[in-house]
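In what follows, chains are A, B, ... by sequence order, proteins preceding strands, each numbered from 1.
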There are 2 protein chains.
Amino acid sequence: MLFPCSRGRKSSREKILDAAAELVAEIGAGRLTLEAVAEKAGLSKGGLLYNFPSKEALLQGMIQRLIDQVSAEKEALRGQAPPGPNLEARLCTAALLKLCGGQMKETASGMLAATAENPKLLDPLRQVIRETLKTLKETSEDVDAALLGWLAVEGLSSYEMHGLSPFSDEDRERILQAVNRLLSKGIAP
Amino acid sequence: MLFPCSRGRKSSREKILDAAAELVAEIGAGRLTLEAVAEKAGLSKGGLLYNFPSKEALLQGMIQRLIDQVSAEKEALRGQAPPGPNLEARLCTAALLKLCGGQMKETASGMLAATAENPKLLDPLRQVIRETLKTLKETSEDVDAALLGWLAVEGLSSYEMHGLSPFSDEDRERILQAVNRLLSKGIAP
DNA sequence: ATTTATATACCGGCTGGACGGTTTAGTTGC
DNA sequence: GCAACTAAACCGTCCAGCCGGTATATAAAT
């Protein structure tokens, strides 16, 4: 994953990916055009195509960054996670929820853009999800709770991503704590 | 919600909505064109525009059908649901899971198509979701469990919808039972 | 030291094709 | 005779990808 430019401040690639993500949230995944992305990123269409040789490449870049962000967040949390059962599930949910905080729509907009353009672009994500399921099944003390917690956070993410979330900050806080309780102690009375 | 044609077998409207849903799953939400839908539905473009006077109208129809299907499923289950706590949550999850069974991708493809084209088209869905949350909060014996169960099923639906689900039929069965246990008894040891 | 060459990073105009939507004129079946 | 179409042409718009240029920097050759 090395790419040409990387010296000084924010690279053009980063600026482009940011711009694309914001645009998806603003105008809809299917309306994403190279020209609009270029303008928002502050360069020309030619410059954009220099960094990403095709629209597909741009979408792939968006997906890959999403994967990398979640993975990095998970590893960052691994060091400081409190001991207890269902560690992997707690890391997964905490990482996702952290990215949910206020910017999930942008973070996940690559998914929407890729779904709109060409569902095959989601293949790398498919792989990651399959591995996550495998890990959860193998390492969780309470697999049912781990699956439920994971899926609940995915459900929340999905709502945020589509701009469908009816939840207030209090609601989100409550859900976060319920998931933690589910994973560390079960949830019964 | 009455529309011109409705006599005999499957109406053109239904055929069109089916065709559109399948196309979204096949080629991506953003690639949906009127011509392709018309061809798949077995009529001409003119005929399609006779039934849905614009592409927006078609997408609205897809969203509305999704809402109606879930709602109908819920009411159908209400009569035969076993007594116990968190009734509304159990109805929601059961209805969604029933639609998940093998055809969620088609059922929910309207969401993807609308997201791609114009996020505002999801407004009716937003309304339904807000009401669902309100009902769950007001009527659930264990609100935390109700929210978690609901979100978990939404997470599962989201994976199915995007074709990202890593779950086997056994997995789904296990999740279904875990959700039921969560809603009727809590989940702790 | 000066010229030449090569690579990076980007500009911006152009084109060919596709798509949404309209219109018109005709057809089928109840 | 009207509803529910078919068939086909047509228009305006949009957009991805291409291509010829430009500016800067570093390196190599002379």
Side-chain angles (χ1 to χ4, degrees), chain A residues 1-20 23-24 26-63 110 112-121, chain B residues 2-20 23-24 26-62 110 112-121:
Chain A
M1 242 237 288
L2 273 301
F3 285 103
C5 163
S6 62
R7 71 171 167 292
R9 21 205 163 158
K10 198 184 251 181
S11 72
S12 285
R13 279 182 69 89
E14 287 298 315
K15 276 193 267 185
I16 290 167
L17 291 173
D18 288 345
L23 266 178
V24 168
E26 282 169 22
I27 62 175
R31 295 248 158 96
L32 194 71
T33 72
L34 296 186
E35 253 147 10
V37 174
E39 189 190 339
K40 185 140 199 153
L43 41 61
S44 70
K45 198 154 103 178
L48 195 166
L49 284 163
Y50 176 79
N51 285 277
F52 296 92
S54 71
K55 196 178 184 183
E56 283 225 339
L58 171 61
L59 296 171
Q60 278 170 4
M62 296 175 79
I63 296 287
L112 296 180
T115 302
E117 200 74 18
N118 178 1
K120 282 213 162 185
L121 294 171
Chain B
L2 272 301
F3 285 102
C5 165
S6 61
R7 70 171 164 295
R9 17 203 162 163
K10 199 184 253 183
S11 71
S12 283
R13 278 184 70 90
E14 287 297 315
K15 275 192 270 186
I16 290 168
L17 291 173
D18 289 344
L23 267 178
V24 168
E26 282 168 24
I27 62 176
R31 297 245 159 102
L32 195 70
T33 72
L34 296 183
E35 251 148 13
V37 173
E39 190 191 338
K40 185 139 197 152
L43 42 60
S44 67
K45 196 168 150 183
L48 194 167
L49 284 162
Y50 178 81
N51 285 279
F52 297 93
S54 71
K55 196 178 186 183
E56 283 225 338
L58 171 60
L59 295 171
Q60 278 170 4
M62 295 174 80
L112 296 179
T115 302
E117 200 75 18
N118 177 0
K120 280 214 162 187
L121 293 172

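Closest heavy-atom contact between I16(A) and F52(A): CG2-CE1, 3.7 Å. Scanning both residues, V37(A) and A19(A), for their nearest heavy atoms gives O-CB, 3.9 Å. Of all the heavy atoms in L34(B) and L48(B), the pair that sits closest is O-CD1, 3.4 Å.
Not one side-chain nitrogen or oxygen of T33(B) sits closer than 4.0 Å to the OP1 or OP2 atom of dA18(C). Residue N51(A) has no polar side-chain atom (N or O) positioned under 4.0 Å from OP1 or OP2 of dA9(C). Under 4.0 angstrom from either OP1 or OP2 of dA16(D) there lies no side-chain N or O belonging to S54(A).
Looking at residues two or more places apart in sequence or on another chain, you find no side chain to side chain contact (heavy atoms under 4.5 Å, CB included) involving S44(A). For E39(A), there are no side-chain hydrogen bond (donor to acceptor under 3.5 Å, both in side chains) partners at least two apart in sequence or on another chain. Residues satisfying the salt bridge (charged side-chain N to carboxylate O under 4.0 Å, His left out) criterion with E14(B), sequence neighbours excluded, are R65(B). Residues passing the salt bridge (charged side-chain N to carboxylate O under 4.0 Å, His left out) test with K15(B), sequence neighbours excluded: none. Residues passing the salt bridge (charged side-chain N to carboxylate O under 4.0 Å, His left out) test with K45(B), sequence neighbours excluded: E35(B). Evaluation of the salt bridge (charged side-chain N to carboxylate O under 4.0 Å, His left out) rule for E26(B) yields K40(B) as partners, not counting sequence neighbours.
If you take CD of E56(B) and P of dG20(C), they are 13 Å apart, rounded to a whole angstrom. E39(B) has its CD atom 17 Å from the C1' atom of dC5(D), to the nearest Å. Rounding to whole angstrom units, CZ of residue F52(B) and P of dC5(D) are separated by 11 Å. Taking atom CG of residue L34(B) and atom P of nucleotide dC19(C), one finds them 10 Å apart after rounding to whole Å. Rounded to an integer number of Å, the gap from CZ of R31(A) to P of dG20(C) is 11 Å. To the nearest angstrom, P of dG20(C) lies 10 Å from CG of L49(B).
Among the protein residues, L58(A) comes within range of no part of the nucleic acid, since none of its heavy atoms lies under 4.0 Å from any strand.
Under the 3.5 Å distance criterion, the side-chain polar atoms of R31(B) are left unmatched by any main-chain donor or acceptor of V24(B).
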All N/O contacts under 3.5 Å from nucleotides 5-7 of chain C to the protein, with atom names and distances to one decimal?
none

(message) Does the protein touch nucleotides 6-11 of chain D at the base, only the backbone, or not at all? Give it as B, S and - per nucleotide, heavy atoms under 4.0 Å.
(response) B-----
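Side-chain atoms of K55(B) lie closest to dG21(C) of the nucleotides dC10(C), dC5(D), dG21(C).
If you check residues 114-121 of chain B against DNA chain C, you find no residue with a heavy atom closer than 4.0 Å.
In this structure, L121(A) and T115(A) have side chains that are not in contact, with every pair of non-hydrogen atoms separated by 4.5 Å or more.
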